[in-house]
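First the structure, in the form of structure tokens, and then the observations on it.
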Amino acid sequence: MIKAILTIDDIASKNTPAIVDYLCDKGIRVVMFAWGEMVEKNYDNAVYALKKGIIVGNHSFSHPNFSKLTFEQGVSEIEKCEKLLDKLYKDAGVERKIRPFRFPYGDKGGDNKEAFQTYLAEKGFDKLDDRTITYPWWKEEGLDRDIDTFWTFDFAEYNIRRGNDFTIDDVWKRVNDPAPESGAAILKDGGNHIILLHAHDETEELVPGYYKLFIDKLLENGVEFVEPNFIHI
């Protein structure tokens, strides 16, 4: 058996409601991470996700590489998105019980990494319960201790763009790879995963319904999507 928690970055997009409806139809619980600027552009779609029971976490306001920011700039990015999310939850009429955070690009802040982890803990951000993940590299890299939400498998479908050689075939190669260079093999029996997907209209334009294709493929291969739980540090 393969178990996985689904996470989706960069909402809100034009295709966010369609993704939400598909996941609700499949009974898949998900954590979506909000890119503040995109929430402002597609506000009603973010409200729609909340009203459908989606957990929406903080993914910064402008989606920068945190290692290129000062600590103060990074905190400003997080807090600007926090303020927007508080308003979003209020407008959706949903109580904000869970506050996860994910760094853009998985960039944890370089030299300021530990300072950001301390900040997240002191501000009461919630850690995704990853205690079922037992890959040696997960603990070697300290991911079991970090409060931000990382991943074990990345579809990398965000690389499907005009002028880029990366295609849907490359996604399938990643899905079927028994020994990936980074992360863990998604179709290896007994695995536990945090999966990364993105809500991007650019991908939708080139591969309509891409999220259905990828998730259906995992379901067909025995992946069971489990409900995300959180630990308050």
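Just so you know, residue 1 is the first one in the sequence shown, and it goes up from there.
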Do the side chain of [X] and the main chain of [Y] share a donor and acceptor less than 3.5 angstrom apart?
X	Y	result
Glu77	Phe61	yes
Arg96	Val56	no
Thr152	Ile194	yes
Asn45	Ser13	yes
Asp129	Phe230	no
Asn42	Ala12	yes
Asp170	Thr167	yes
Asp126	Arg99	yes
His59	Arg102	yes
Lys127	Asp144	yes

Could you report the tightest heavy-atom contact between Leu69 and Gln73, atom names first, then the distance?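 Shortest heavy-atom contact: CA-OE1, 3.4 Å.
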
Of all the heavy-atom pairs spanning Gly191 and Tyr135, show the shortest one and how long it is.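 Closest pair (atom of Gly191, atom of Tyr135, distance): CA-OH, 3.5 Å.
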
Salt bridge (charged side-chain N to carboxylate O under 4.0 Å, His left out) between Asp216 and Lys26, worked out: CA-CA 10 Å; Asp216 283 351; Lys26 292 288 185 180; 3.6 Å; yes

Has Lys113 got more than 12 heavy atoms of other residues, nucleotides or ligands less than 6.0 Å from its NZ?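 Result for NZ/Lys113: enclosed.
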
Would a line drawn from the ring center of [X] to the ring center of [Y] be shorter than 6.0 Å?
X	Y	result
Trp172	Phe155	no
Tyr105	His63	yes
Phe101	Phe103	yes

So how far is it from [X] [atom1] to [Y] [atom2], rounded to the nearest 0.5 Å?
X	Y	atom1	atom2	answer
Asp177	Phe153	CG	CZ	8.5 Å
Asn15	Tyr211	CG	OH	6.0 Å
Tyr210	Thr203	OH	OG1	5.0 Å
Asn65	Lys108	CG	NZ	14.0 Å
Ile54	Tyr48	CD1	OH	9.5 Å

Show, in sequence, the C-alpha distance, side-chain angles and deciding distance for Asn164 and Ile160, and conclude whether the side-chain contact (heavy atoms from CB on, under 4.5 Å) test is met. CA-CA 7 Å; Asn164 194 333; Ile160 299 175; over 6 Å; no

From the options Glu202, Glu204, Glu205, select the one residue that forms a salt bridge (Lys or Arg N to Asp or Glu O under 4.0 Å) with Arg161.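 Looking at Glu202, Glu204, Glu205, the match for Arg161 under the salt bridge (Lys or Arg N to Asp or Glu O under 4.0 Å) is Glu202.
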
Contacts of type side chain to side chain donor-acceptor pair (under 3.5 Å), residue Tyr89, not counting sequence neighbours: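 Tyr89 satisfies side chain to side chain donor-acceptor pair (under 3.5 Å) with no residue once adjacent residues are dropped.
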
Going through the distances and angles, do Arg174 and Glu157 end up as a salt bridge (charged side-chain N to carboxylate O under 4.0 Å, His left out)? CA-CA 10 Å; Arg174 293 179 69 86; Glu157 84 298 334; over 6 Å; no

Among Asp130, Ile2, Ile5, side-chain contact (heavy atoms from CB on, under 4.5 Å) partner for His193: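 Among Asp130, Ile2, Ile5, the one meeting side-chain contact (heavy atoms from CB on, under 4.5 Å) with His193 is Ile2.
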
Between Glu40 and Lys87, is there a side-chain N and carboxylate O pair less than 4.0 Å apart?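 Looking at Glu40 and Lys87, the cut-off is not met.
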
Hey, quick one: are Ile11 and Leu50 part of the same hydrophobic cluster, counting side-chain heavy atoms closer than 4.5 Å, chains of contacts allowed?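 In one cluster: yes.
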
